Structure formats: structure tokens, C-alpha cells
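Protein chains get the first letters and strands the later ones, always in sequence-line order, with residue 1 at the start of each. Only a predicted model underlies this, so the values are computations on that prediction, with no experimental measurement involved.
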Amino acid sequence: MRQALLAAQAAGDLPPFELPPTLPIQRSARPELGDYASPAPLQLAKLARRKPLEVAEIIVRHTPHSPLVAAWEVAPPGFLNIRLDETWLLEQINTIIAAGDDVFALDIGRGKRAQVECVSANPTGPLTVGHTRNGVIGSTMANLLRALGYDVQMEYYFNNAGRQMRILGQSLQARYLQTLGQPVPLPEEGYQGEYLIQVARDLVKQYGDTLKDEGWERFKVEAEKAMFAWIDRSLARINIRFDVYFNENSLYEDSSVWKTLEALEQRGYVYRAVLREGAGDEERAKLPPDAKEAVWFRSTALGDEEDRVLVKSSGEPTYVLPDIAYHVNKLERGFDYLINVLGADHIVEAQTVARGLTALGYDASRVHVILYQFVTLIEGGEQRKMSTRRGEFVTQDELVDDVGADVVRYFILARSPNSHLEFDLDLARKQANENPVYYIQNAHVRCAGIFRQAAERGLTDDGADLSLLGARERDFVRKMLEMPEVLLQSYEELAPHKLAFYAHELARLFHPMYDEVRVLHSDVPPELAKARLRLYGAARVVFRRLLTLMGMSAPEVM
RNA sequence: GUGCCUGUAGCUCAGUGGAUAGAGCGCUUGCCUACGGAGCAAGAUGUCGGGGGUUCGAAUCCCUCCAGGCACGCCA
């Protein structure tokens with residue numbers, strides 16, 4: 001279209017004017033008018049000082065011929081409608097089947113290295129539904145990046161050095177002694193969940209009472225081991241696997257935390273003060289008289305509202321400093337494209353890290369943050385607030401036990417990360433049999449069923465004449481061909497939910513077709529059956545690809 | 001108070017500058033000689049939170065107000 005406009009200007013049919021950087025073209029909202037549509041003439045009318053319809057006609061006149069396009073048509077008030085060439089369209093069925101499991105792979109990444117960091121829950125307990133949302137979003141993006149030609153690594157970042165881990169160790173110690181019959185109370189703010197009792201019992205089984213004089217540190221190690229084993233198993237159940245577990249502590253061991261601080265200081269982003277620069281009287285008044293100096297990050301120089309503390313007056317770093325050091329580490333490892341999946345409450349953290357990277361001269365735009373809103377659990381019509389420490393939560397395992405891994409993944413994926421996820425447990429349990437998940441998976445099952453039956457009857461799609469396929473089948477092919485566009489959009493907008501919606505839309509075209517377009521029916525002539533069989537072969541490939549990208553199973557039978 | 005997210009059908013949510021705003025669930029009415037019916041066909045349901053503006057064109061962009069969630073620590 002750009003060529004056509006330039007040609008028209010060269011020929012004097014349109015006055016010279018600068019073309020906008022992109023010309024809009026999208027899937028037609030009205031399929032009967034064409035496959036793709038562009039409102040470009042409406043936009044260009046003013047620049048060209050011609051009526052939109054005239055612009056449209058001029059564009060059509062100067063458009064070069066393409067084998068993909070059968071016709072360019074002009075529609076009032078100034079739309080350009082584009083119709084795909086039918087022969088090309090039908091040929092895509094063969095292209096899809098030939099591509100198989102790699103169908104619609106694009107090489108956007110060109111082998112560049114990408115990393116997805118997600119879940120990253122500290123090993124203080126079982127995963128909750130909030131972590132599940134994090135992991136499902138992250139792992140789906142990882143799958144998507146692989147399909148787009150990136151070399152992808154999944155990373156889990158954790159901290160096993162903090163106060164919470166100490167309390168966990170002490171809690172396990174108490175549970176262990178309790179299991180041995182000693183009336184030891186849980187520490188204050190200890191972890192009350194049942195799961196520690198089970199870990200304690202396992203310890204007694206393994207070690208007897210030989211650990212009774214050990215300190216809490218020993219129990220921390222045991223607790224961490226047990227928690228990670230649990231976390232791994234839970235994640236594997238919903239198709240999430242990590243390549244790297246990165247311990248925050250290693251950033252202290254190789255002193256990169258302090259190197260990061262030095263680098264920031266060298267670049268003039270650090271100062272020492274009791275109070276941040278620009279603090280108001282209120283903050284000043286709250287300050288204790290014996291307050292000591294802290295180390296501050298001058299993030300306001302990079303647009304922040306206020307400076308942030310890097311090192312407390314106690315000499316201990318805040319979470320901000322190691323977090324910046326961690327991201328420096330990631331970038332230094334040579335990743336070109338990073339995704340970081342975070343709950344919405346971490347927004348300030350994400351911004352501060354980005355500013356830290358900018359301050360250090362790194363390209364912060366390589367770090368893509370997906371912030372997701374909270375998961376609310378509804379049970380018995382009431383919200384359930386979650387607290388890991390009190391042991392009041394619905395774990396991922398409970399949820400998966402209830403409704404199945406595929407349902408959990410789909411429920412989460414079928415919502416924009418920006419949207420609060422209201423997970424009605426009762427409904428999810430009740431609806432387990434009447435769920436969009438099964439609707440989509442059943443499309444794949446039905447394809448598989450046709451091929452099973454065809455094999456029994458000795459029917460193959462050898463020599464299929466695709467031109468025999470009717471309008472309904474062709475519409476389905478058009479829909480399948482939207483998939484690359486969906487993949488690209490999901491990637492560019494960090495919007496994995498688009499996959500879920502597309503999968504459902506495709507299934508919604510599939511089932512009516514399946515009902516009407518039979519393969520193995522007595523009044524379907526053999527030639528037609530072959531063509532249809534091949535079409536269903538392509539459908540099977542596409543559904544399998546979609547389900548796999550979403551981390552769901554593609555069953556052969558229900 | 002300030003910042004971010006959200007407000008679309010009875011409920012849960014898509015759609016973020018284009019033509020007549022869409023799905024699922026629920027509701028109504030049909031369809032079983034079934035390549036696994038977890039299906040198909042038909043139907044009802046909307047002040048796109050309110051108001052103003054920009055534009056040839058606004059659910060979508062801007063302003064403002066209202067409502068809900070989250071964040072505003074020398075906690076992680």
C-alpha cells in the first residue's frame with residue numbers, strides 16, 4: 001500500500017505529502033466485505049486534499065499484483081477491503097501440516113537470548129494461588145518466546161537468608177520437638193500451617209530424636225529442602241519448570257551487591273544522609289534525635305518522586321540494592337530480552353530497579369515487567385484473604401486437585417494480567433464439566449477421533465484436492481491464519497491472555513464445522529472425504545500448538 | 001492526599017482510534033442413525049460508571065467527577 005501511494009504521488013495522481021510511518025491494516029470486522037480492511041484512505045484524505053473514496057480508488061489503481069491477494073475493493077466512506085486469493089489460502093493447509101509442531105513459528109528473536117523470571121517465592125511454604133498466576137503468566141510467555149525464535153531460560157529468584165526463613169526454621173524446630181512429645185510453643189509470628197507438622201514427622205522418621213539439640217539453623221536447612229521439593233512438584237503439575245534457581249545470597253558472596261553500590265556512587269547517584277534530600281518537615285519531625293546516616297539512591301534525578309534507601313543506617317542493605325545488583329547480573333549474563341513477572345504491589349520496586357539500571361548505564365528497556373493484579377478467592381460467596389504465615393490460604397495444589405491443571409492454567413490465562421482475577425472456587429469446582437477448557441480440548445480430540453476412524457477404514461488424505469472444500473472450511477482456514485498475528489500481539493503487548501481467547505474463538509468455528517462437514521459419512525464422496533481429512537489434519541496441528549503454548553495438554557481422547 | 005490498575009449484558013470477562021460493541025456462564029426454544037454430545041441450531045438481555053472535550057469517526061485519546069482494588073517504610 002505504501003508502494004501504491006508512492007507510485008500515485010510519482011504519477012501525479014496524488015499531491016506530494018509525507019506518508020505516516022505506519023499505515024493501518026487489520027482483519028476486517030465484516031467478513032462479507034473482505035478478509036482485511038484498511039481505513040487508510042480516511043486518514044490520508046486530509047493530507048491528500050482529496051475525498052477518501054478517491055484516495056482509495058487511486059491506491060487500488062497503483063497497487064502491484066500479489067499472489068496472496070485476489071482483490072482490492074473500495075467501500076464507503078473510504079475503506080479499502082482486501083480479499084485473499086483462494087488458491088493461496090487453501091495451500092496454507094498443506095503448509096500448516098508440513099510445519100507440524102512448529103507451525104506458525106516466527107523468527108523474531110533470531111536466536112537471541114531471553115530470560116523469564118517468575119514465581120520467585122521464598123521457600124517458606126507451599127505455593128498459593130497468587131504464585132500460580134505468576135507462574136502461568138511467566139511460563140506461557142516463555143513458551144511464546146520460544147515459538148518466536150528466542151533461546152529462552154526460566155529463572156527462579158529466591159532469598160533464604162532473611163528473617164522469615166529464620167522464623168521458618170524456628171517453627172520447624174518447635175514442630176519437631178512437639179512431635180517428640182515436648183510441650184514447646186511455636187515462636188511468636190511462627191508459621192502455623194499444617195505442612196510443617198508433616199515435615200517434622202518426616203524428620204522424626206528419618207533422624208529419630210537425634211536432632212533435638214540442634215539449633216534452628218539446622219532446621220532451616222531442612223525446611224528449605226522440604227519446601228523446594230514441594231514447590232518443584234507443585235509447579236511441575238501445572239507444567240512449569242525452571243532452568244536456574246538463583247539465590248540472592250550469591251550476590252553477597254561474590255560481593256556484587258557492593259560493587260553495584262560503588263558503581264552507582266561513581267556515577268554520582270549516591271549520597272549519605274540521615275534524611276533524604278527534599279524531605280518535608282513531617283518526615284524530619286518523625287526522625288529520632290539519635291538517627292544515623294543511611295545511604296541513599298538519588299532516583300529523583302531519574303524521575304522518581306523521592307530518593308530510596310540503599311543501605312540502612314544499620315549498615316544492612318535494603319531489598320532495593322541486591323535487586324538492582326541481580327538485574328545487572330542478568331544483563332551481564334548476556335540476555336537481550338528479560339521478562340519479570342510481578343504482583344501489582346511490586347510496582348515501585350520495578351521502577352526503582354529500572355532507574356538503578358539506567359543510572360548504571362544499562363539499557364533498562366530490555367527488562368519487560370508484567371504486573372498482574374491480585375487473585376481473589378471466593379468461597380461460599382465470601383472472599384478469602386490469604387496469609388502464608390497463619391497458614392490460611394488456598395494452595396495451588398488444592399486448586400489443582402479440585403479442578404485439574406488444565407483448568408487452572410486456562411482460567412488464569414483467560415484474563416488480562418491487568419484485570420483482577422476473581423477465582424470462584426465453588427464455581428470452578430462445579431463447572432469442571434462445562435468449561436471452555438474442554439470445549440477447546442475437545443476440538444483436538446475430535447480431530448484425533450477422525451484420524452483414528454479413518455485409519456480403521458483405510459482412508460488417507462493422499463492426493464487431496466483442496467479446492468473441493470466449501471465456504472465454512474475456508475473460513476476456518478482464514479481463522480487459523482490469524483494465529484501468527486495473535487502470537488505477535490501477545491508478545492508485543494505482553495498479553496498471554498490473547499492466546500486463550502484466540503483458542504476459544506477458533507474452537508467456536510471448529511465445532512459447528514465438525515457438525516456439518518463430515519468426513520466418514522456414507523454420502524460423502526471419497527474425493528471430498530480426502531480433502532476434508534486433510535483440513536482436519538491442519539486443525540489438529542493448530543489446536544495442539546495452541547494448547548501446548550498455553551502449557552495445557554492436547555488429549556487424543558476425552 | 002499522591003501514584004498505578006479496574007469500571008462493558010444478570011454474573012465472569014474480551015475488545016484500547018474505524019464499518020452493526022462480543023464471548024463464556026446463566027435463561028428460553030428446538031436437535032440424538034453420535035467420524036466420542038464435554039456438541040449443534042435459534043432467541044432475549046447493553047445510559048460501554050457519569051459529564052465535558054479532541055476527531056471525518058471514541059468503549060478506546062484528553063480533562064473532570066464518582067466507585068472499587070493495590071501501592072505509597074531505613075519490611076522483603
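- For RNA chain B, the stems formed by at least three consecutive Watson-Crick or G-U pairs, with both atom-pair distances below 3.5 Å, span B:1-7 with B:66-72, B:10-13 with B:22-25, B:27-31 with B:39-43, B:49-53 with B:61-65.
- Contact check, A:Lys312 against B:rG73: no side-chain N or O comes under 4.0 Å of OP1 or OP2.
- Looking at which nucleotide of RNA chain B each of A:Ser38 and A:Val557 is closest to, the 5′-most match is held by A:Ser38.
- Between the NE2 atom of A:His504 and the C1' atom of B:rG15 there is a distance of 16 Å, given to the nearest Å.
- As judged by a 4.0 angstrom heavy-atom cut-off over every strand, A:Asp307 is placed among residues making no nucleic acid contact.
- Of the candidates B:rC70, B:rG15, B:rC35, B:rG15 carries the atom nearest the A:Lys498 side chain, counting heavy atoms from C-beta on.
- Under the 4.0 Å criterion applied to side-chain N and carboxylate O atoms, A:Asp475 and A:Arg478 are assigned as salt-bridge partners.
- A donor atom on one side chain and an acceptor atom on the other are not found under 3.5 Å apart for A:Glu73 and A:Asn81.
- Side-chain contact check for A:Ser28 and A:Asp35: no donor-acceptor pair (N or O, by modelled atom type) lies under 3.5 Å.
- With B:rC35, B:rU16, B:rC74 as the choices, the nucleotide that has an atom nearest any side-chain atom of A:Val309 turns out to be B:rC74.
- Taking side-chain N and O atoms only, A:His497 has a distance below 4.0 Å to OP1 or OP2 of B:rG15.
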All N/O pairs under 3.5 Å across the protein-nucleotides 2-5 of chain B interface:
{"unit_1": "B:rC5", "atom_1": "O2'", "unit_2": "A:Gln373", "atom_2": "NE2", "d": "3.3"}
{"unit_1": "B:rC5", "atom_1": "O2'", "unit_2": "A:Asn418", "atom_2": "O", "d": "2.6"}

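- Electrostatic pairing of A:Arg276 and A:Glu283 counts as a salt bridge here, judged by a charged N lying under 4.0 Å from a carboxylate O.
- Side-chain nitrogen and oxygen atoms of A:Arg446 include none within less than 4.0 Å of the OP1 or OP2 phosphate oxygen of B:rG36.
- Within 4.0 Å of A:His521, counting heavy atoms only, lies no atom of the nucleic acid at all.
- The separation of B:rA9 from B:rA21, taken at their C1' atoms, amounts to 11 Å, rounded to a whole angstrom.
- Residue contacts for A:Val517: at a heavy-atom cut-off of 4.0 Å it reaches a base atom on one of the strands shown.
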Task: Full working for side-chain contact (heavy atoms from CB on, under 4.5 Å) between A:Val517 and A:Tyr536 - done: CA-CA 10 Å; A:Val517 182; A:Tyr536 285 112; 3.7 Å; yes

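- Of the candidate nucleotides B:rA19, B:rG39, B:rU12, B:rG39 has the atom lying nearest to any side-chain atom of A:Asn442.
- No contact: A:Phe451 has no heavy atom under 4.0 Å from any strand.
- The shortest distance between the side-chain N/O atoms of A:Lys46 and the OP1/OP2 oxygens of B:rU55 is not below 4.0 Å.
- Using a 4.0 Å heavy-atom criterion, one finds that A:Leu33 contacts the bases of the nucleic acid, with or without backbone contacts as well.
- Atom pair A:Met165:CE and B:rA76:C1' shows a separation of 13 Å (rounding to whole Å applied).
- Within 4.0 Å (heavy atoms only), A:Asn159 reaches sugar-phosphate atoms of the nucleic acid but no base atom.
- Looking at the side chain of A:Ser313, the nearest of the listed nucleotides B:rC74, B:rA19, B:rC35 is B:rC74.
- In this structure, A:Arg415 atom CZ and B:rU12 atom P are separated by 10 Å, rounded to whole Å.
- Within 4.0 Å (heavy atoms only), A:Lys292 reaches at least one base atom of the nucleic acid.
- Ring planes of A:Phe246 and A:Tyr326: tilted class, angle from 30 to 60°.
- Backbone-only contact: A:Arg508 has heavy atoms under 4.0 Å from sugar-phosphate atoms and none from a base.
- Backbone-only contact: A:Pro512 has heavy atoms under 4.0 Å from sugar-phosphate atoms and none from a base.
- To the nearest angstrom, C1' of B:rC11 lies 16 Å from CZ of A:Phe423.
- Residue A:Gln26 places none of its side-chain N or O atoms closer than 4.0 Å to OP1 or OP2 of B:rA19.
- Here the separation of B:rG10 from B:rU45, taken at their P atoms, is 11 Å to the nearest Å.
- For the P atoms, the distance from B:rC40 to B:rC35 is 15 Å, rounded to whole Å.
- A cation-pi arrangement, defined by a distance under 6.0 Å to the six-membered ring centre and an angle within 45 degrees of its axis, is present between A:Arg540 and A:Phe451.
- Rounded to whole Å, atom P of B:rC74 lies 17 Å from atom CZ of A:Arg163.
- Across all strands, A:Val348 comes closer than 4.0 Å only to sugar-phosphate atoms, never to a base (heavy-atom distances).
- Contacts of A:Ala414 with the nucleic acid, taken as non-hydrogen atoms under 4.0 Å apart, involve only primed sugar atoms and P, OP1 or OP2.
- Taking atom CG of A:Leu47 as the reference point, atom P of B:rC56 lies 12 Å away to the nearest angstrom.
- B:rC72 sits 23 Å from B:rC65 when the C1' atoms are compared, rounded to a whole Å.
- The existence of a salt bridge linking A:Arg298 and A:Glu306 is excluded, since no basic side-chain nitrogen approaches an acidic carboxylate oxygen closer than 4.0 Å.
- A:Glu516 places its CD atom 9 Å from the P atom of B:rA41, with the value rounded to the nearest Å.
- A:Phe501 comes within contact range of the sugar-phosphate backbone alone, with a heavy-atom separation under 4.0 Å but no base atom that close.
- With 3.5 Å as the limit, one finds no donor-acceptor pair spanning the side chains of A:Arg415 and A:His420.
- Positionally, the nearest nucleotide of RNA chain B for A:Leu42 lies more toward the 5' end than for the other of A:Asn122 and A:Leu42.
- For A:Tyr438, the listed nucleotide lying nearest its side chain is B:rA38; candidates were B:rC74, B:rA38, B:rA14.
- Spacing of P atoms, B:rG49 relative to B:rU12, comes out at 15 Å, to the nearest Å.
- For A:Glu155 and A:Lys330, the salt-bridge test fails: no basic side-chain N is under 4.0 Å from an acidic carboxylate O.
- Judged by distance alone, with hydrogens and angles left aside, the side-chain atoms of A:Ser299 form no donor-acceptor pair with the main-chain N or O of A:Asp304 at under 3.5 Å.
- Electrostatic pairing of A:Lys479 and A:Glu482 counts as a salt bridge here, judged by a charged N lying under 4.0 Å from a carboxylate O.
- For the residue pair A:Arg409/A:Thr132, the side-chain donor-acceptor check at 3.5 Å is not satisfied.
- A:Gly162 comes within contact range of no nucleotide atom at all, as no heavy-atom separation falls under 4.0 Å.
- In this structure, the CZ atom of A:Arg27 is 14 Å from the P atom of B:rG15, given to the nearest Å.
- Using modelled atom types, one finds a donor on one side chain and an acceptor on the other under 3.5 Å when comparing A:Gln164 with A:Tyr191.
- With hydrogens and angles ignored, no donor-acceptor pair under 3.5 angstrom links the side chain of A:Asp345 to the base of B:rA76.
- When the C1' atom is compared between B:rG68 and B:rC27, the two are found 28 Å apart, to the nearest whole Å.
- Proximity of A:Tyr439 to the phosphate of B:rC40: a side-chain N or O atom is located under 4.0 Å from OP1 or OP2.
- No hydrogens or angles were tested; on distance alone, a donor-acceptor pair under 3.5 Å links the side chain of A:Tyr319 to the base of B:rA76.
- Rounded to the nearest Å, the gap between the C1' atom of B:rC25 and that of B:rA14 is 15 Å.
- In this structure, A:Gln43 reaches the bases: a heavy-atom distance under 4.0 Å links it to at least one base atom across the strands shown.
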